[in-house]
Visitor: 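One structure coming up, written as structure tokens, with questions to follow.
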Amino acid sequence: MENTKNLRSWLDTFGLDHPLVIAGPCSAETEEQVLKIAHQLKDTDTTVLRAGIWKPRTRPGMFEGVGAPGLKWLQKAKEETGLLTTTEVANANHVDLALQHDVDILWIGARTTVSPFIVQEIAEALKGTDKTVLVKNPVNQDLSLWLGAVERLYTANVNNLGVIHRGFSTYEKTKYRNNPEWQIPIDLQSRFPDLPLILDPSHIAGRRDLIFDLCQTALDLNYDGLMIETHFDPDNAWSDASQQITPQTLNQITADLRIRKEEDTTVNYTNALNTLRTQIDMIDTKLVEMIGNRMKTAEDIGLLKKKNNVAILQNKRWTEILGKMILQGEDNNLSEEFMLHLYKAIHLESINHQKKILGN
Ligand code: PEP
Ligand code: MN
């Protein structure tokens with residue numbers, strides 16, 4: 001699908017000199033709570049007030065949102081503070097209600113993006129409106145589902161679009177509630193280069209202390225905005241208590257973030273950058289040659305195994321290599337996570353090369 005529309009005009013109309021900030025509670029709890037947070041956010045960099053009205057909870061029996069009455073609270077917050085509003089919609093009925101209550105931006109949650117039927121239903125319900133819609137990444141690491149949801153909206157002529165990166169669920173526990181997997185949104189952007197990209201550090205982190213670093217990484221990667229869960233009393237929030245921050249902390253975070261320029265055209269900078277890029281290109285060429293050599297050696301081992309009728313996978317040897325390489329990685333400032341990814345990929349490629357030899 002050729003992308004010819006300007007998907008980011010809604011963002012450009014804000015004319016911001018800093019990344020877009022969307023902030024507010026995970027859930028709208030009471031009218032007083034929504035209004036109090038909105039008033040506190042008015043004095044921050046926030047442009048859009050978020051609050052979940054319908055909450056998709058993984059397990060039943062938890063607080064599932066206040067439902068339609070909360071939309072009136074958002075409307076009132078907008079009237080009183082001038083902040084725009086956004087909430088999550090998960091079916092056509094939510095869309096209708098949100099439109100009736102003049103919600104400015106709708107977002108599609110991670111548990112909805114995984115379902116093409118529901119995304120299609122939402123896209124149909126939005127046809128002919130000029131609403132801005134932000135699509136969160138699906139819970140699982142599936143770029144096609146994310147792209148598919150954007151394409152369904154795009155095809156329904158929803159032309160004010162953006163995506164929210166909220167991290168991906170993993171079976172193995174990491175320090176994050178949802179692992180960032182930074183490469184996936186980068187891949188999405190290569191398909192839709194103009195699509196505004198917003199980070200939701202709250203759902204990635206699951207805890208307050210990781211939020212600043214995640215935001216900084218996003219700005220270093222040229223993200224267009226941040227969606228941060230904010231509550232005046234985070235510990236007593238009705239949902240996602242451990243990841244919400246106060247409006248005061250939000251202010252501190254946005255003040256401390258380093259906003260980088262997208263480009264610098266001065267000769268000094270361009271020359272220095274070119275020199276470094278040439279070095280990187282040379283190193284990359286060498287890296288690929290070395291990996292190619294490693295594979296050739298693996299094939300020699302394959303031949304030897306074939307002659308002696310020995311199985312390809314030698315588990316003990318593989319565990320030894322991995323352990324050794326993780327230590328060497330440490331000495332070279334490379335994280336264990338990276339070394340694991342790298343060596344699993346190298347090992348798999350080696351096995352495939354040996355298989356080719358054994359198959360002949
Ligand atoms: C939320 O933003 O409160 C939410 C439920 O997010 P997600 O869909 O990313 O889990
Ligand atoms: Mn939440």
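What's counted below: heavy atoms across the whole structure, side chains too, no hydrogens, waters or symmetry copies. First listed ligand is number 1; within each ligand, the first listed atom is number 1. Everything quoted here is computed from the prediction, not taken from an experiment.
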Visitor: Just to check, does Cys26 reach to within less than 4.0 Å of ligand 1 when the distance is taken from its heavy atoms?
Guide: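 Yes.
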
Visitor: At less than 4.0 angstrom from any non-hydrogen atom of Ala110, what atoms of ligand 1 do you find?
Guide: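 In order of number, 8 (O), 9 (O).
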
Visitor: What atom name does the N, O or S atom of Asp240 nearest to the Mn ion (ligand 2) carry?
Guide: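 The closest N, O or S atom of Asp240 to the Mn ion (ligand 2) is OD2.
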
Visitor: Taking the minimum heavy-atom distance to atom 1 (C) of ligand 1, which of His203, Glu88, Arg57 ranks first?
Guide: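 Answer by nearest heavy atom: His203.
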
Visitor: Are the charged groups of Glu229 and Arg50 less than 4.0 angstrom apart, N to O?
Guide: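 A salt bridge is present here (some side-chain N lies under 4.0 Å from a carboxylate O).
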
Visitor: Within a distance under 4.0 Å of any heavy atom of Lys55, pick out the atoms of ligand 1 and give their elements.
Guide: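 Answer for ligand 1: 1 (C), 3 (O), 5 (C).
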
Visitor: Tell me which one of Arg166, Lys136, Arg177 gets a heavy atom nearest to atom 6 (O) of ligand 1.
Guide: Lys136

Visitor: Of all the N, O or S atoms in Glu229, which has the shortest distance to the Mn ion (ligand 2)?
Guide: OE2

Visitor: In ligand 1, which numbered atoms sit nearer than 4.0 Å to a non-hydrogen atom of Arg111?
Guide: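 Numbered from 1, ligand 1 contributes 7 (P), 8 (O), 10 (O).
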
Visitor: Under a plain distance cut-off of 3.5 Å, with no hydrogens placed, do Gln252 and Gln248 share a side-chain donor-acceptor pair?
Guide: no

Visitor: Please say whether the positively charged group of Lys55, taken as NZ for Lys or CZ for Arg, lies over the ring of Phe63, i.e. under 6.0 angstrom from the six-membered ring centre and within 45 degrees of the axis.
Guide: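 Pair Lys55/Phe63 does not count as cation-pi.
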
Visitor: Asp200 to ligand 1: N or O pair under 3.5 Å?
Guide: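 No, no N or O pair falls under 3.5 Å.
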
